[in-house]
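Keep in mind that the numbers below use all heavy atoms, side chains included, and drop hydrogens, waters and symmetry copies. Note on naming: letters A, B, ... go to the chains in the order of the sequence lines (proteins, then strands), and numbering restarts at 1 for each one.
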Protein chains: 2
Amino acid sequence: MTGRRGRREPKGFTERELDVMSVLWREGSGTVTEVRQALGEEVGYTTVLKMLQILEEKGAVGHEQEGRAYRYFPLVESVRAGGRALTRIVNKIFHGSAERLLATLVEDREFTAEEIARMRSILDRAERRGDEE
Amino acid sequence: MTGRRGRREPKGFTERELDVMSVLWREGSGTVTEVRQALGEEVGYTTVLKMLQILEEKGAVGHEQEGRAYRYFPLVESVRAGGRALTRIVNKIFHGSAERLLATLVEDREFTAEEIARMRSILDRAERRGDEE
DNA sequence: ACGTGTTTACGAAGATTGTCGTTGACAAAT
DNA sequence: ATTTGTCAACGACAATCTTCGTAAACACGT
């Protein structure tokens with residue numbers, strides 16, 4: 001009913017798209033062949049290519065010529081994509097409570113004392129930042 | 001190539017599906033009309049019904065008769081769905097680092113001192129739990 | 001010049017999602 | 001009994017995602 005469908009907004013990634021983006025974020029860039037190898041070669045060459053073309057059309061990746069191949073690289077930062085995904089989850093699943101999200105996160109996995117210490121310092125920094133402003 | 005096709009596994013929710021699940025998690029249960037109202041009546045009755053039918057087929061919700069209407073209720077807990085979604089994000093976007101996820105989370109939003117205190121105690125609890133085992 | 005291998009481009013097929021229109025069941029009011 | 005209003009079921013349709021097959025472009029070795 002609402003005359004929506006801007007098409008130019010970020011939006012989320014689908015499963016396969018996220019697989020591909022994950023590789024580019026981790027490696028920095030990649031050709032079709034490189035991305036495909038990173039995915040364990042479980043999908044065909046043209047499938048990976050198609051994903052990259054779709055992602056490029058969405059504005060999520062770009063490419064430059066390299067020899068006779070294309071080298072693709074991410075145009076959206078993983079942190080921004082992650083922030084959107086987290087916001088979505090906090091709102092839709094944890095009813096806006098970041099605490100519950102954190103509780104679920106630490107419940108599901110084991111952390112070393114060092115990791116927990118670093119997470120505490122992240123909270124410390126956030127607190128100080130809150131004081132300043 | 002892996003001979004999957006389990007169909008019985010959890011999997012993730014799409015955007016609209018998550019909208020509907022969010023309502024059921026928050027309210028506990030709902031009829032089609034109730035869910036539709038909770039979504040601001042921006043989608044048609046039959047659309048909401050279809051979503052609930054798809055979700056039921058996926059095993060995410062169930063229903064019981066109530067008068068002449070159906071009352072739908074979630075069969076998967078929000079915490080478990082949230083845990084899966086978080087695992088996915090940590091792995092695909094934050095390279096397995098929960099710390100980075102937390103950093104992004106606190107970067108994107110403002111927290112009160114109380115909220116941060118509660119998050120610290122969540123970490124404390126996780127630490128103690130780690131000691132015990 | 002010719003074949004071979006690598007790579008992109010085109011486009012189609014199948015699955016899933018999201019949106020409804022229409023129909024039929026059923027009960028309450030008349 | 002007939003009408004009316006509520007609600008689920010069925011099926012259609014368009015959009016999107018995912019997977020490729022096939023073709024075309026191009027460089028390289030011979």
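- Ion pairing between A/Glu42 and A/Arg36 fails under the 4.0 Å rule for side-chain N and carboxylate O.
- Between A/Leu55 atom CG and D/dT19 atom P there is a gap of 12 Å when expressed in whole angstrom units.
- Between the CD1 atom of B/Ile54 and the P atom of C/dT19 there is a distance of 10 Å, given to the nearest Å.
- A salt bridge links B/Arg120 with A/Glu127; the closest basic N to acidic carboxylate O contact falls under 4.0 Å.
- Counting only N and O atoms by type, the side chains of A/Arg71 and A/Thr31 include no donor and acceptor under 3.5 Å apart.
- As rounded to whole Å, 12 Å separates atom C1' of D/dT18 from atom CG of A/Asp19.
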Please output the side-chain donor-acceptor pairs of residues 90-99 of chain B that fall under 3.5 Å, not counting sequence neighbours, one pair per line with the distance.
unit_1: B/Asn91; atom_1: ND2; unit_2: B/Thr87; atom_2: O; d: 3.3
unit_1: B/Lys92; atom_1: NZ; unit_2: A/Glu15; atom_2: OE2; d: 3.1
unit_1: B/Lys92; atom_1: NZ; unit_2: A/Asp19; atom_2: OD1; d: 2.8
unit_1: B/Ser97; atom_1: OG; unit_2: B/Glu99; atom_2: N; d: 3.4
unit_1: B/Ser97; atom_1: OG; unit_2: B/Arg100; atom_2: N; d: 3.0
unit_1: B/Glu99; atom_1: OE1; unit_2: A/Arg118; atom_2: NE; d: 2.7
unit_1: B/Glu99; atom_1: OE2; unit_2: A/Arg118; atom_2: NE; d: 3.3
unit_1: B/Glu99; atom_1: OE2; unit_2: A/Arg118; atom_2: NH2; d: 3.1

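- Atoms CZ (A/Phe13) and C1' (D/dT18) sit 16 Å apart, rounded to a whole Å.
- In the set C/dT17, C/dT19, D/dC20, the nucleotide with an atom closest to the side chain of A/Lys50 is D/dC20.
- Rounded to whole Å, the distance from CZ on B/Arg36 to P on D/dA8 is 13 Å.
- As rounded to whole Å, 14 Å separates atom P of C/dG18 from atom CD of B/Glu57.
- Whole-Å rounding puts the B/Glu41 CD to C/dT19 P distance at 15 Å.
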All N/O contacts under 3.5 Å from nucleotides 3-9 of chain C to the protein, with atom names and distances to one decimal?
unit_1: C/dT7; atom_1: OP2; unit_2: A/Thr33; atom_2: OG1; d: 3.3
unit_1: C/dT8; atom_1: OP1; unit_2: A/Tyr70; atom_2: N; d: 2.7
unit_1: C/dT8; atom_1: OP2; unit_2: A/Tyr45; atom_2: OH; d: 2.3
unit_1: C/dA9; atom_1: OP2; unit_2: A/Gln53; atom_2: NE2; d: 3.0

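- As a whole-Å value, the separation of B/Met51 CE from D/dA9 C1' is 15 Å.
- The shortest distance between the side-chain N/O atoms of B/Thr47 and the OP1/OP2 oxygens of C/dG18 is not below 4.0 Å.
- Using a 4.5 Å cut-off on side-chain heavy atoms (C-beta onward), A/Leu86 and B/Leu86 make contact.
- The aromatic rings of B/Trp25 and B/Phe13 sit perpendicular to each other, their planes meeting at more than 60°, with 30° as the lower class boundary.
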